[in-house]
Student: 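Have a look at the structure that comes next, please.
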Amino acid sequence: MTILDPEPTATAVRRFPDGFLLGAAAAAYQIEGAAHEGGRTDSIWDAFSRVPGAVINADNGDVACDHYHRYRDDVALMKELGLNAYRFSTSWARVRPDGGPVNPEGVDFYSRLVDELLGAGIVPWLTLYHWDLPQALEERGGWANRDTAYRFRDYALSLHDALGDRVDIWTTLNEPWCSSFLSYTGGAHAPGRQDVAAGLAAAHHLMLGHGLAVQALRERDPSLELGITLNLTNAKPVDPTSPGDLDAARRIDGQFNRVFLDPIFRGHYAGDLLADVGHLGLRDVIRPGDLEIISTPIDALGVNYYHGEFVSSLPPEERHGGEAPTERPTRSPFPAAEGVHFHARGLPQTVMGWEVEPDGLRELLGRVHREYTGPAGVRLLVTENGAAYDDEVSPDGAIHDVERTEFLLSHLGAILDAIDEGTPVHGYFYWSILDNFEWAWGYDKRFGIVRVDYDTQERTIKDSGLAYQRVIRHRALPAASAR
Ligand code: IFM
């Protein structure tokens with residue numbers, strides 16, 4: 001039997017708990033296009049895409065998947081797939097161009113999108129910030145400037161004014177690690193800065209903005225479900241008996257995971273993290289009261305999981321893939337990880353060079369539940385997980401993306417494993433509903449369960465999408481032995 005067969009037999013399936021959301025995600029700049037329409041002005045990604053060598057093939061989000069004009073058809077596709085929920089982000093530069101007054105035309109786009117989703121019986125899951133700061137705010141210091149956190153709160157409230165009557169689930173930030181360290185320290189993402197202190201300031205101010213927005217939205221409507229999405233990893237030592245490797249794993253865990261988890265859930269930065277990075281600029285930006293704001297209770301934590309990290313104090317024999325493709329020189333995004341080397345484990349890899357390790361998701365969810373969300377009584381969901389492969393269109397027009405299908409099913413299986421061992425997980429969002437603009441990789445990497453032909457904008461559901469459609473219809477996964 002395969003996942004595409006008509007009916008899985010009752011004994012050969014693993015069922016998802018009642019209420020578990022099976023959805024998919026996308027983000028404004030990656031799919032909307034219409035970059036210069038409806039009053040929208042530049043975000044940092046519009047500006048960064050113009051920097052020579054910053055994005056592969058000099059691609060940009062001007063047109064992307066043209067979702068701004070095709071959102072009705074895209075929602076119809078989501079309905080056909082049976083998605084329970086759709087996680088999308090709003091563009092600050094569309095809603096408040098240049099970070100200034102509200103743009104009714106921009107707000108109206110999201111209002112129509114939300115109505116379309118609700119009409120299709122799909123829960124709208126709104127993310128306020130998925131990396132596309134208005135360029136005008138970057139020119140005033142961007143996230144390294146504390147004031148941006150307050151502007152973010154105002155932007156959140158403007159959207160609540162328009163959508164608060166219809167959207168119940170609000171995520172403040174998507175992957176602040178990327179919009180701080182990868183963007184302000186590593187320079188691989190917009191705005192392309194390479195400054196350790198700016199990256200630490202950005203991380204702190206992003207969390208401050210998160211806390212301010214949660215407070216303000218909660219005050220507006222205590223019934224909202226409020227949360228944040230973090231990209232998290234398992235940082236493992238190559239040699240668990242080597243003090244150098246253990247320290248490498250501790251540093252990466254600290255500067256990737258705990259730098260956000262501890263302030264948000266515990267109201268402090270961990271002592272070892274402060275010892276590593278406090279003197280590099282972090283202590284200078286923490287003001288009295290900040291950590292109380294940042295740790296304002298939330299209702300939901302979204303975990304984005306793609307791969308683990310296998311680290312050592314010794315270099316690998318061969319360089320591990322996965323770096324940004326940019327022709328511009330970049331630096332390590334980690335503020336204090338000199339001497340930490342990233343190794344491969346010999347696992348299969350996606351075309352991003354990311355190792356495929358579904359069981360790492362089970363392990364990560366268990367850890368996050370035990371140490372953070374469980375004690376806080378916060379709902380835990382997987383808000384992104386997905387894989388890029390070089391898809392081929394078969395002569396019959398189908399996309400037989402066997403590897404992506406297996407990736408999707410095996411990660412769903414890992415979530416059921418986590419649930420079986422006592423980790424409550426409440427939902428899963430595949431990344432992404434559509435092939436789209438993969439940041440510095442441009443359109444070169446395809447993550448979608450729906451193919452986008454960028455010449456014609458034609459959409460085709462891939463085999464992975466058809467497999468997901470069946471999982472959603474039956475609310476069950478065929479047991480591994482039955483696939
Ligand atoms: O495309 C991105 C997304 O914007 C954020 N999370 C990771 C995805 C794949 O790189």
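Both counts, for ligands and for their atoms, begin at 1 and track the order of listing. Numbering of residues begins at 1 and proceeds along the displayed sequence.
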Student: Does any non-hydrogen side-chain atom of Thr460 lie less than 4.5 Å from one of Val450?
Tutor: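 Val450 vs Thr460: side chains apart.
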Student: Would you say Glu175 and ligand 1 have an N/O pair spaced under 3.5 Å apart?
Tutor: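 Yes, at least one N or O pair falls under 3.5 Å.
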Student: For residues Asn174 and Trp131, determine if any side-chain heavy atom of one lies less than 4.5 Å from a side-chain heavy atom of the other.
Tutor: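 Answer yes - side chains close enough.
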Student: Among protein heavy atoms, which sits nearest to atom 8 (C) of ligand 1, and what does the distance come to when rounded to 0.1 Å?
Tutor: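 Checked against all protein heavy atoms, atom 8 (C) of ligand 1 sits closest to Tyr306 OH, 3.5 Å.
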Student: Any idea how Phe109 and His67 line up, ring-wise: parallel (<30°), tilted (30 to 60°), or perpendicular (>60°)?
Tutor: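 Taking His67 first and then Phe109, their aromatic rings stand perpendicular (interplane angle over 60°).
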Student: With a 4.0 Å cut-off on heavy atoms, is Tyr29 touching ligand 1?
Tutor: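 No, that is not the case, since the closest heavy atom of the residue is not under 4.0 Å from the ligand.
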Student: What I want to check is whether the side chains of Glu384 and Tyr306 have a donor and an acceptor closer together than 3.5 Å.
Tutor: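 Checked: Glu384/Tyr306 side chains pair up, N/O donor to acceptor below 3.5 Å.
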Student: Distance under 4.0 Å to a non-hydrogen atom of Phe447: what atoms of ligand 1 satisfy this?
Tutor: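 So the answer, numbered in order with elements, is 9 (C), 10 (O).
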Student: For ligand 1 and Trp431, I'd like to know whether there is a polar contact (N/O to N/O, distance under 3.5 Å).
Tutor: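 Between Trp431 and ligand 1, an N or O pair is found under 3.5 Å apart.
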Student: Classify the ring geometry between Trp143 and Tyr129 as parallel (under 30°), tilted (30 to 60°) or perpendicular (over 60°).
Tutor: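 Rings of Trp143 and Tyr129: perpendicular, as their planes differ by over 60°.
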Student: Working to the nearest 0.5 angstrom, can you tell me the gap between Glu438 CD and Ile56 CD1?
Tutor: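 If I round to the nearest 0.5 Å, the distance is 11.0 Å.
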Student: What do we get for Trp441 next to ligand 1 when only non-hydrogen atoms under 4.0 Å count, side chain, backbone, both or neither?
Tutor: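 Answer for Trp441: neither.
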Student: Can you check whether Asn174 has an N/O within less than 3.5 Å of an N/O in ligand 1?
Tutor: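 No.
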Student: Does ligand 1 have an atom that lies less than 4.0 angstrom from a heavy atom of Met352?
Tutor: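 Met352 does not count as a contact of ligand 1 under the 4.0 Å cut-off.
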Student: Purely on distance, is any nitrogen or oxygen of Glu384 under 3.5 Å from one on ligand 1?
Tutor: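 Yes, there is a polar N/O contact under 3.5 Å.
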Student: Decide if atom CG of Asp453 counts as having more than 12 heavy atoms of other residues, nucleotides or ligands within a radius under 6.0 Å.
Tutor: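 Above 12, so yes.
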Student: Only heavy atoms of Glu438, strictly under 4.0 Å: list the atoms of ligand 1 that pass.
Tutor: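 Counting from 1, the qualifying ligand atoms are 1 (O), 2 (C), 9 (C), 10 (O).
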